[in-house]
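Values in this document were obtained by computation on a predicted structure and should not be read as measured data. Counting starts at 1 for both ligands and their atoms, in listed order. Numbering starts at 1 and runs along the sequence shown. Below, each value reflects all heavy atoms present in this structure, side chains not excepted, and no hydrogens, waters or symmetry copies.
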Amino acid sequence: MAKPRVVTGNSDLIRELNRFLVLDLIRRKGPISRADVKRITGLNFTTVTNAVNDLMAEGLVQEVGLGTSSGGRKPVLLTLKPDARYVLGCELQSAKLVVGLFNLVGTLVARADLPMRPTDQPSAVVERIARGVDRVLERAGVRRDRVAGLGVAAPGPLDSTEGVLLTPPNLHGWRSVPLRAMLEEATGLPVVVEKDGNAAALGEVWFGAGQSVRDLILIIVDDGIGAGMTVGGRLYRGSVGGAGEIGHMTIDLDGPRCSCGNYGCVEAIASGFALGRKAHELMRRGVESQLAGAGEIGSAELLAAAENGDRLAIDLLDECGRILGIAIANTVNMYNPELIVLAGRLAQQSDLVLNRAVELGRSRAFSVLSQQVCIRRSTLGEGFLVAGAASLVLSQLLQGPVDIPPA
Ligand SMILES: [Zn+2]
């Protein structure tokens with residue numbers, strides 16, 4: 001295994017980098033001895049000892065007992081202290097608002113499900129999130145000064161550098177909302193705002209299906225289609241934060257108009273709302289379905305009808321899986337990821353969607369690439385976005401700017 005490059009320069013910077021290097025290794029490989037930290041990082045013993053002393057003084061790392069001896073004394077083993085600090089995550093969607101408190105190893109300690117409608121205005125939602133934060137801290141008995149920050153997974157397009165929501169199509173009247181500044185003011189905590197697909201991708205790396213994976217792509221298949229990707233275990237945002245917009249990959253040149261203004265995007269054909277519009281159109285043309293008389297049809301209505309054996313709903317979910325499969329095949333050819341994670345209700349609750357997507361994703365991709373790619377559901381269940389939101393803070397707190405190869 002390649003040793004990390006030795007950097008020379010500002011000694012405080014080097015000390016900081018070494019601290020993160022040691023912390024990251026203890027988090028991923030603990031319980032681990034100081035000698036093994038030294039061996040894997042390639043740092044000298046004094047540097048490792050100093051870094052561990054710093055981390056123990058901060059309360060982030062603890063000694064947990066003795067390992068097996070390879071000759072002399074048994075080595076003392078180190079782990080991350082799970083409850084040393086906490087992180088908050090917030091899932092902000094047009095009809096769902098959740099705040100969750102997590103410890104450093106990703107255990108959900110307390111959760112608040114808050115009301116949310118697409119017509120709610122930013123100031124009211126910010127106030128509600130702040131009360132949700134109060135509630136989870138109180139419920140868990142955790143003081144605010146032990147919380148490292150609040151991560152928010154929000155609908156794009158957004159500017160994650162400034163924490164500004166630009167023009168989310170499903171939040172009525174939200175235009176250039178400075179969400180980070182508003183939430184920092186309301187909660188007194190550092191806040192990170194990220195596009196939902198990106199947050200979810202990072203969440204799988206930290207807590208879910210991608211914990212030992214460097215390059216993964218996550219696709220959310222729900223009323224809309226979102227996506228995010230990591231490269232080398234870190235988020236890949238592209239030049240203006242739009243990387244991995246798989247939902248807006250063109251599938252049908254002459255297809256229906258998409259919310260993005262283009263035609264025939266994956267989202268315009270395979271999302272829950274797109275399938276719902278198609279259901280209405282087919283029923284107008286005389287196709288029979290239990291969905292007759294329904295207002296707006298989305299993922300929830302389609303899944304319920306398909307569960308009841310409704311032919312139209314089943315056919316539409318099959319179509320969703322097929323389109324998704326083609327999008328996956330194109331994605332595999334383009335990025336050659338190690339893992340593709342599927343999340344969102346349509347992918348997580350329908351075996352038909354999942355199986356079709358996996359089958360076509362594999363059979364239509366370049367064969368060498370499709371043989372090695374793993375395609376699976378999120379292991380984080382319904383809470384994948386709130387966990388992803390929390391991982392935004394955790395990655396800043398525990399990973400820092402350095403990268404070490406997987407040990
Ligand atoms: Zn589009």
Inset, instruction - Salt-bridge test for Glu281 and Lys278: reply yes if a basic N is under 4.0 Å from a carboxylate O, no otherwise. - result: no

Legend entry - Minimum heavy-atom distance between Thr331 and Pro337, given as atom pair plus value: O-CD, 4.2 Å

Legend entry - Backbone of Ser370 reached by a side-chain donor or acceptor of Arg362 within 3.5 Å: yes

Inset, instruction - Check whether any side-chain N or O of Gln348 sits under 3.5 Å from a backbone N or O of Gly381 as a donor-acceptor pair, and report yes or no. - result: yes

Side-chain polar contacts of residues 150-161 - donor-acceptor pairs under 3.5 angstrom, sequence neighbours left out - could you list them?
from	atom 1	to	atom 2	distance (Å)
Asp159	OD1	Thr161	N	3.0
Asp159	OD1	Glu162	N	3.1

Inset, instruction - With 2.8 Å as the limit, jot down which protein N, O or S atoms are around the Zn ion (ligand 1). - result: His248 ND1, Cys258 SG, Cys260 SG, Cys265 SG

Legend entry - Identified salt bridge (Lys or Arg N to Asp or Glu O under 4.0 Å) partner of Asp134 from the options Arg128, Arg139, Arg144: Arg144

